[in-house]
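Some notes on the structure that comes next.
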Amino acid sequence: MIGSIVSPVLVGRASESAAVRAAYERALARRPVTVLVSGEAGIGKSRLVATVAGTLPGEPLVLSGGCLELGAEGAPYVPFVAILRDLVRRLGRDRVAALLPPSGSALGDWLPDLGPSPATYGRVRLLEEMLGLITRVSEARPVVLVVEDLHWADASSRELFAYLARNLNDGAVLLIGTIRTGELAAGHPNRKLLAELGRGGDVVRLALGPLEHRHVVELLAAIDGRRPDRSRSERIHRRSGGNPLFVETLSDADEASAGDLRSLLIDRITDLPDPAREVLSALAVAGAELPDRILLEVGGLDEPRQRRAVADLVGRDLVVVHEDAYAIRHELIREAMYASLLPAERRRRHARYAAVLAARDADDLALAEHWIAAGEPERALPAAWRAADRAARQNAYDEQLYLLELILRSWAEVADPPRLIGADRTTVLERAAAAAHAAGRSAAGVGHATAALAGLAPESEPQRVARLLGLRGQSQNRVDGTGIDDLERAIALVPAGSSDALRGGLLSALAFVGIGAHRHGDSRRHAAEALDIAERLDDDGLRAPALLVLAALDGMDGETEPAERMFAEARRAAEAALDVQTFLTTFQWEAALLESTGRYGPAAELAGAGRREAVRLGRARSRGSALASARAVPLRLLGRWDEALRLVEDTLAEGPPPLYGAFVRLVAADIARCRGETDRFEILLRQLTEFALHARGAAEVKVEIALQRIAWALDQGDPALADRVLGEQLPPASPQPDVVMRLAALGARAQRARRAAAPRNRGVAGQCADRLAQLAGVADSVRAVTPAVTAYRRTFEAEVADTLAAWDRAAEAWRGLLNPYETATALTDAAAAALTSNNRPGARSRLREARAIAAELGAAPLLTRIGDLTARGRLGEDTDAPAPNGFGLTRRELDVLRVLARGRSNPQIAEELFITPNTVASHVARILTKLGATTRTEAAARAHEADLLSS
């Protein structure tokens with residue numbers, strides 16, 4: 001046995017160690033904190049965590065578990081099962097069971113020793129029980145939870161880690177995760193998890209870099225017991241790149257060795273005696289720590305030889321002892337050992353390990369992966385089928401879907417798959433469609449449901465076909481807003497009285513989808529029937545979505561108070577039924593109701609509360625992104641633009657479903673347009689237009705895109721384009737009263753701009769009159785009376801009348817809604833109207849207020865317009881004082897002369913400078929006298945000669 005090549009001390013990580021200790025101190029004060037340690041393989045992540053955890057004060061209970069590379073996607077909660085097993089080993093089964101619910105714990109599905117789990121339970125219950133258990137343990141002793149190799153985390157572990165990071169508020173618990181850099185592709189969900197964690201709560205990120213030369217010297221001295229000569233330490237530092245594992249490897253290697261550093265690890269393995277290689281191969285194939293008794297069965301050695309082989313490996317620092325089990329010391333060593341195995345040997349060892357697993361637990365979630373790796377799909381399929389059932393029971397839908405898709409991929413490789421698993425391919429597809437829908441994998445759900453339907457006949461199995469059509473319709477609706485046809489076909493296959501529960505669920509789903517498609521009459525009818533079924537069966541699961549739809553419809557009809565009461569009842573029923581989707585949607589839709597009625601502050605707060613619930617329940621990407629949109633819109637209307645943009649940025653970073661991504665981009669686009677950020681707006685508009693081209697539904701998004709295009713065309717001085725886009729939206733597709741009135745107001749502004757651009761064009765004047773009449777009809781069709789609708793209506797009236805009184809009414813309506821941007825815009829238009837009647841004090845006071853608002857918002861285009869009005873109206877200086885020009889012309893006379901020189905008539909000059917035609921005539925007469933000109937043309941020529949028009 002050779003001497004150790006592992007340093008007995010941690011070197012070069014003083015600041016990182018201090019950061020972990022500081023985080024632990026905050027955890028002791030019951031401030032939830034998460035530490036994420038990242039770096040390349042071999043850089044010392046696990047060494048840092050283990051070393052610091054072993055020296056923390058207060059004797060914390062350190063519990064650890066690691067994510068697996070092999071089988072990660074099909075085995076849920078792997079590191080947390082290990083943590084729970086570790087906890088039971090440390091505290092004893094009885095003490096742990098006493099901390100769990102006496103009626104049965106969902107964690108019993110992880111460790112049957114903890115007692116039978118409930119017959120059914122929601123995903124949230126398992127998360128909350130793990131949180132509660134760790135919190136209660138920490139009441140007696142601080143806890144450090146370590147999850148190794150988060151880059152390989154399965155979807156359920158990913159969700160549970162994030163859940164604990166956000167909700168460990170009441171215990172002295174430090175949560176630590178290690179991540180190997182370079183393992184995650186750009187769109188990998190684990191990368192999104194890490195980004196999301198970094199945006200919320202107290203998260204300490206420690207990126208471990210290579211060791212400096214002085215630290216390599218320390219490391220070599222610790223290994224060898226003496227300081228190395230400089231040439232050797234420099235050579236090892238250079239070759240290792242400062243990676244501690246490679247430094248340790250090179251400290252014992254022949255310095256003449258060729259090849260890359262990873263080959264040195266393989267060299268160490270190649271030179272092993274056969275018994276040691278047998279044991280290391282068994283551990284590498286298992287990919288997890290193995291107890292003595294299992295290692296005996298897998299390794300193929302008798303007990304004395306295995307004991308000697310393990311001792312040899314421990315002495316070589318290739319294997320470590322964990323309680324009663326053995327594990328390879330470092331993942332790079334495991335990878336090197338695994339890579340050194342010939343394909344046939346790999347298959348043989350996987351088959352041996354799988355056989356041992358199957359004999360002990362036929363439902364082991366990793367079993368199918370090992371049979372696949374062994375090249376034995378006949379054994380993999382039944383193992384995957386059983387594991388999929390177990391994953392479904394644990395609500396681990398991503399893992400269930402992965403296992404079912406593994407079965408489908410291997411289907412053609414075996415002779416009689418239905419005999420092996422006891423189900424036909426259509427059944428597998430049916431379950432895959434349901435798992436995909438539950439996991440939020442909508443496109444996969446559509447694909448699997450379509451494939452399953454191809455193998456079924458509605459005449460012989462109407463309810464089964466109806467269930468699949470319902471799944472496909474709901475999944476398709478999440479993709480692009482369609483899916484109504486499938487749901488209608490499904491309901492037709494389940495007539496009243498044939499299967500009330502199935503019919504009620506389909507009716508609620510169709511009513512839900514009908515809201516987005518603006519089929520409100522049908523939605524009310526379907527929801528009412530679903531509610532009747534729910535009441536008859538006393539089923540909260542059916543009651544909640546029906547109440548949700550009816551609440552939304554009441555709100556749209558102006559019945560706000562009844563709607564809010566019904567939203568609360570829907571929320572209660574959804575929570576009782578563990579219906580997370582409906583529970584979170586109540587927040588979203590009620591917030592939308594509050595926003596549409598002008599209660600922007602309460603809308604933002606309710607949506608924020610809903611988003612926090614979505615994060616707590618592990619739905620940050622799906623429903624959380626919808627709630628982010630519901631919060632971002634009122635934040636924009638309240639003028640809290642920077643806060644709204646931060647929310648948009650966070651939401652887009654999570655990779656939301658396309659529809660919700662479009663909604664939050666609309667918020668960012670509106671703010672970019674109002675701030676004059678041309679490049680940013682055009683990028684967002686292109687992204688939104690691309691979405692609209694491929695979305696078959698999404699009517700609400702499309703009308704909002706059109707509103708942005710109209711406003712942008714007006715900003716760019718192209719009222720004709722604005723009117724063309726407007727024409728495409730008439731009659732309005734959206735039934736939302738505030739959206740319809742907003743379209744009418746913006747359309748009226750477009751007509752005013754068209755008339756101003758062509759004041760003497762009778763054809764344009766006639767077109768504008770016709771369009772205004774059409775818009776008046778649109779406005780008259782809006783019956784709802786809410787503060788928001790009233791504000792848009794007053795804006796429409798002001799655009800048509802363009803009087804000071806009308807604009808003042810609009811400004812007052814927006815001021816009452818606490819909408820600063822619309823208030824400032826209406827004040828600016830009011831100032832322009834005041835100038836036309838020579839009400840200069842009135843114009844000055846309104847522009848002063850508008851300028852303060854626009855400056856605070858950073859609304860550059862509006863500030864430019866305010867400045868232009870101030871200059872044209874000469875509101876900042878004495879217009880009657882002589883200007884330095886040599887002719888005695890006043891500032892106002894110079895303004896008139898500049899417009900006159902462009903060939904404008906007196907009425908046109910009056911309109912541009914906000915004075916009366918009679919005043920213009922007086923100014924023109926004085927200008928001719930002072931310039932010594934007899935005609936307007938002569939005056940313009942002399943002005944050019946004297947360079948009077950350039951300033």
Side-chain angles (χ1 to χ4, degrees), residues 555-561 563-564 590-608 630-641 643-644 667 670-671 674 707 711 736-749 779-780 782-834 839 842-859 862-863 865-866:
M556 293 177 191
D557 290 344
E559 302 291 332
T560 304
E561 290 185 10
E564 290 181 35
E590 187 175 358
L593 169 64
L594 294 174
E595 181 257 309
S596 70
T597 58
R599 288 178 286 173
Y600 302 143
E605 291 307 309
L606 184 64
R631 177 169 168 79
V633 171
L635 287 177
R636 173 182 64 81
L637 295 170
L638 287 167
R640 292 157 63 177
W641 289 358
E643 188 178 349
V667 172
D670 190 76
I671 294 172
C674 292
L707 288 167
Q736 293 177 252
D738 56 329
V739 174
V740 173
M741 281 307 308
R742 182 177 162 203
L743 182 68
L746 199 54
R749 178 172 286 267
D780 289 343
V782 177
R783 303 299 181 193
V785 180
T786 68
V789 168
T790 298
Y792 282 120
R793 188 181 298 281
R794 288 184 178 172
T795 302
F796 172 75
E797 293 167 351
E799 294 284 3
V800 174
D802 196 22
T803 63
L804 177 58
W807 281 116
D808 278 348
R809 285 193 295 271
E812 188 59 30
W814 289 117
R815 191 182 284 109
L817 284 169
L818 305 178
N819 185 319
Y821 182 78
E822 294 294 349
T823 301
T825 301
L827 285 168
T828 304
D829 283 309
N839 182 355
R844 186 177 286 109
S845 64
R846 288 164 177 80
L847 288 178
R848 186 183 303 115
E849 182 182 354
R851 182 183 292 106
I853 294 171
E856 184 173 354
L857 293 173
L862 184 56
L863 279 170
R865 184 171 174 235
I866 292 168

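Taking all atoms of both residues into account, the shortest heavy-atom contact from L746 to A711 is CD2-N, 4.0 Å. Of all non-hydrogen atoms in R599 and P602, the two that sit nearest each other are O-CD, 3.4 Å. Scanning all heavy atoms of the two residues, the minimum distance from A831 to A843 falls at O-CB, 3.5 Å. Taking each heavy atom of E595 and A603 in turn, the nearest pair found is N-CB, 3.6 Å. Between A850 and T828, the shortest heavy-atom contact is CB-OG1, 3.6 Å. Contact between L862 and A854 at its shortest, heavy atoms only, is CD2-CB, 4.0 Å.
D738 places none of its side-chain heavy atoms less than 4.5 Å from the side chain of R742. Side-chain contact between L593 and S596 is present, with heavy atoms from C-beta onward closer than 4.5 Å. Looking only at side-chain heavy atoms (C-beta outward), L857 and C674 stay at 4.5 Å or farther from each other.
For the atom pair CD (E564) and OG1 (T597), the distance works out to 7.5 Å, reported to the nearest 0.5 Å. For the atom pair CH2 of W641 and CD of E856, the computed distance is 10.5 Å after rounding to the nearest 0.5 Å. Note that CG of L827 and CH2 of W807 are 10.5 Å apart. Values are rounded to the nearest 0.5 Å. Here the CZ atom belonging to R844 is positioned 10.5 Å from the CZ atom belonging to R851, to the nearest 0.5 angstrom. Rounded to the nearest 0.5 Å, atoms CG (L638) and CG (N819) are 7.5 Å apart. For the atom pair OG1 of T803 and CD of E797, the computed distance is 10.0 Å after rounding to the nearest 0.5 Å.
With hydrogens and angles disregarded, no donor-acceptor distance shorter than 3.5 Å links the side chain of R793 to the backbone of V789. Under the 3.5 Å distance criterion, the side-chain polar atoms of R783 are matched with a main-chain donor or acceptor of D780.
For D670, the side-chain hydrogen bond (donor to acceptor under 3.5 Å, both in side chains) partners at least two apart in sequence or on another chain are R636, R673, Q708. Every residue two or more places apart in sequence or in another chain that forms a side-chain hydrogen bond (donor to acceptor under 3.5 Å, both in side chains) with T795 is listed here: W814.
A salt bridge is defined here as a Lys NZ or Arg NE, NH1 or NH2 lying under 4.0 Å from an Asp or Glu carboxylate O, and D829 with R865 meets this definition. Checked for salt-bridge contact, R631 and E643 meet the test: a charged N lies under 4.0 Å from a carboxylate O. The pair E812-R809 fails the salt-bridge criterion, with no side-chain N (NZ, NE, NH1 or NH2) lying under 4.0 Å from an Asp/Glu carboxylate O.
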Hey, mind stepping through Y600 and L817 against side chain to side chain contact (heavy atoms under 4.5 Å, CB included) and telling me if it holds? CA-CA 8 Å; Y600 302 143; L817 284 169; 4.0 Å; yes
